[in-house]
Number of protein chains: 2
Amino acid sequence: MRPVRLKDVARDLGVSLMTVSRALRNHPDIGEQTRARVLKRVEELNYQPDWMARGMVTGRSYLVGLVIPDLMHSFFAEIAMAVSAKLTPLGYQVVIANTEEQVLTEERHVSVLLGRKVDGLIIASAQRNARSPMFRSIAGCKVPLVLIDRFVKGAEASYAGSDDEGIGDLATTHLIEEGCRRVAHIKGPPLSTGRGRLQGFRLAMKRAGLPVDEQYVVPGDISDTAGYDAMRGLLKLPKPPDGVFCYSDPVAAGAMKAITEAGFSIPGDVAIVGAGNVHYSDLLRVPLSTVDQGCSRIGEGAADLLVRAMEHREMTPPELVLVGPRLIVRESSRRTS
Amino acid sequence: MRPVRLKDVARDLGVSLMTVSRALRNHPDIGEQTRARVLKRVEELNYQPDWMARGMVTGRSYLVGLVIPDLMHSFFAEIAMAVSAKLTPLGYQVVIANTEEQVLTEERHVSVLLGRKVDGLIIASAQRNARSPMFRSIAGCKVPLVLIDRFVKGAEASYAGSDDEGIGDLATTHLIEEGCRRVAHIKGPPLSTGRGRLQGFRLAMKRAGLPVDEQYVVPGDISDTAGYDAMRGLLKLPKPPDGVFCYSDPVAAGAMKAITEAGFSIPGDVAIVGAGNVHYSDLLRVPLSTVDQGCSRIGEGAADLLVRAMEHREMTPPELVLVGPRLIVRESSRRTS
DNA sequence: GCGGTTTCCGTTAACGTTAACAGCGTTCCG
DNA sequence: CGGAACGCTGTTAACGTTAACGGAAACCGC
């Protein structure tokens with residue numbers, strides 16, 4: 001019992017294969033009753049069009065590649081869900097590729113996706129250079145590209161992400177308003193997100209007229225262990241900070257662990273604000289204040305941008321979607337009541 | 001600048017298209033120097049084989065469908081990562097489909113995946129009946145199928161999952177050993193996982209000679225809100241339980257929230273054990289004791305089973321992988337010190 | 001030097017679908 | 001009533017790749 005093909009349905013109905021093909025795709029050339037007859041039989045035989053064959057001749061695969069560093073981060077998982085939810089009803093399917101933040105893995109994945117003739121690509125790239133062979137071959141294949149989360153300057157691509165500078169500003173200003181004077185920042189990776197949040201931090205400090213002690217601006221990363229280590233370093237300083245803006249919620253969670261272990265209180269001794277609003281933030285030991293990035297809106301925005309680019313066969317100019325940050329105050333930073 | 005095809009490479013080298021095709025696939029008919037020449041030029045031209053065309057003639061897509069209810073649950077996200085990690089090096093690509101626990105969505109996704117001629121399918125199904133049209137059409141297409149997490153009795157499929165009865169037993173026995181006498185259980189969904197854990201709970205209680213008060217066995221679900229609601233109900237009882245085994249960690253997190261809000265202490269008044277060891281469990285207000293299911297081993301096991309079935313073109317008999325549970329004791333259940 | 005093997009490489013015909021064009025009755029209009 | 005216009009259906013040739021077969025050299029043993 002092989003899968004049913006167009007030919008089978010056609011023979012079964014005594015019509016030509018093209019009639020069936022057209023009826024299925026609502027081609028206007030097909031009479032109303034013929035179409036009805038075909039659709040009925042197709043349903044009965046449980047015919048499924050072969051997307052590979054269809055793709056060969058139309059040049060469209062209805063496949064979209066989503067390349068992200070880490071599915072375990074709820075941030076990317078949420079984006080993935082939002083993208084899928086938007087694209088699936090339009091007939092696209094999403095291939096998710098995990099790069100584990102490795103440039104090489106990313107390149108390999110993209111290369112295979114291009115071989116699969118994906119109709120579009122959404123990438124949260126670990127790369128910082130738009131002149132890399134990866135971006136060149138994407139441009140060469142003329143595959144629409146949308147960058148998310150991390151912006152890559154110079155790439156021929158649309159972008160959907162959060163307003164990172166706004167995030168840093170919002171979080172830092174909040175800490176200052178809560179009375180913190182020695183505000184520290186645990187930095188993220190040296191991508192656009194990390195740099196933007198750092199810049200927002202500096203901006204807020206400057207606006208408040210507070211000096212930025214460079215001792216308080218320490219490298220972290222994306223994981224809770226990085227936050228833990230960075231915080232331990234900060235606590236060893238002669239005058240530990242009384243407020244910390246962390247690059248992300250996992251980093252903040254790690255930092256809070258370090259603070260609690262060292263015997264300090266949150267937010268009494270040190271107030272903490274993270275970013276990302278991961279779904280478990282308010283279940284933590286001390287519910288974590290955070291800046292919501294609107295992940296799902298980023299995902300939806302990226303999907304929209306991509307769809308628009310895919311529908312137009314011709315090159316569309318790059319567009320931008322910046323999702324505004326939203327402060328969520330919980331216990332970890334509430335000092336005034 | 002269209003993408004490079006075999007024909008282009010062949011013309012460029014002055015050989016036939018088949019020579020290139022064979023050289024690329026290490027066909028023994030190709031001479032050593034010819035192969036080298038071809039490979040070199042292929043690299044230079046950045047040729048990528050067209051998987052659709054290749055798939056048409058070989059009948060293999062090197063696509064694998066992974067159908068799961070919810071990517072946001074770290075359990076499934078971890079499985080997805082483990083599956084990808086195993087399958088990608090073998091040349092497969094994974095299409096992830098989110099069903100949101102909806103049977104209809106699941107069926108639609110599977111139908112499209114079959115149309116894409118996936119080489120294999122891994123499904124954590126929301127369905128309970130192996131006689132549903134979905135399972136029939138999968139069997140009809142002779143696509144190898146591996147079920148994960150939830151077992152569906154009667155389906156022609158391999159299975160990789162956790163030993164749910166063992167999980168329930170382990171967690172409950174632990175609570176009893178910690179001195180709990182009125183042990184409650186917040187149930188999961190009525191799938192194999194929920195039923196298995198319930199059965200393990202009963203088994204452990206019986207072995208300890210404790211009566212199971214049916215008031216203490218309450219319906220929950222998979223989310224933290226369900227756990228919250230269920231726990232509030234339990235606390236209203238004249239004699240609230242002094243230990244609760246929750247179907248999953250999110251449920252447990254919700255339950256702990258309810259307990260804390262009601263002014264009780266954990267584990268003093270009520271001890272809690274969850275299941276799943278989601279990655280934020282030890283960052284919660286009270287670090288959560290849990291039973292680790294070994295998600296990644298489940299994912300790896302599923303991938304292995306699937307690969308074995310896909311390599312053999314003929315039907316292979318269904319196989320089973322049961323990952324043993326592992327108790328992780330944290331603060332939420334540590335009463336004796 | 002002649003059958004027979006081996007070693008390489010090319011030719012042809014698929015795979016299932018769709019685009020482009022061709023056909024063939026009807027109807028409509030002058 | 002001739003021809004154009006229309007409405008529907010069929011025919012042919014692709015799309016890029018591989019399987020199966022075909023064939024020409026080179027090599028070998030006797």
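Order of the sequence lines fixes the chain letters, A, B, ..., with proteins taken first and strands second; residue numbering starts at 1 for each chain. FYI, side chains are in, hydrogens and waters are out, and symmetry mates aren't considered; it's all heavy atoms of this structure. Only a predicted model underlies this, so the values are computations on that prediction, with no experimental measurement involved.
Using bins of under 30°, 30° to 60° and over 60° for the plane-to-plane angle, the ring pair A:Phe151/A:Tyr159 lands in the perpendicular bin.
Straight-line distance from the CD atom of B:Glu32 to the P atom of C:dC9: 11 Å, rounded to whole Å.
The pair A:Asp29-A:Arg22 does not meet the salt-bridge criterion, since no charged nitrogen lies less than 4.0 angstrom from a carboxylate oxygen.
To the nearest 0.5 Å, the span separating CD on B:Gln48 from OG on A:Ser111 amounts to 3.0 Å.
Within the structure, a side-chain polar atom (N or O) of B:Thr34 is placed less than 4.0 Å from OP1 or OP2 of C:dC9.
Every residue two or more places apart in sequence or in another chain that forms a side chain to side chain donor-acceptor pair (under 3.5 Å) with A:Arg150 is listed here: A:Glu101. With sequence neighbours excluded, the residues forming a side-chain contact (heavy atoms from CB on, under 4.5 Å) with A:Lys7 are A:Arg5, A:Leu17, listed by chain and number.
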Please encode protein proximity along nucleotides 15-27 of chain D as a string of B, S and -, counting only heavy-atom distances under 4.0 Å. BBBBBB-------

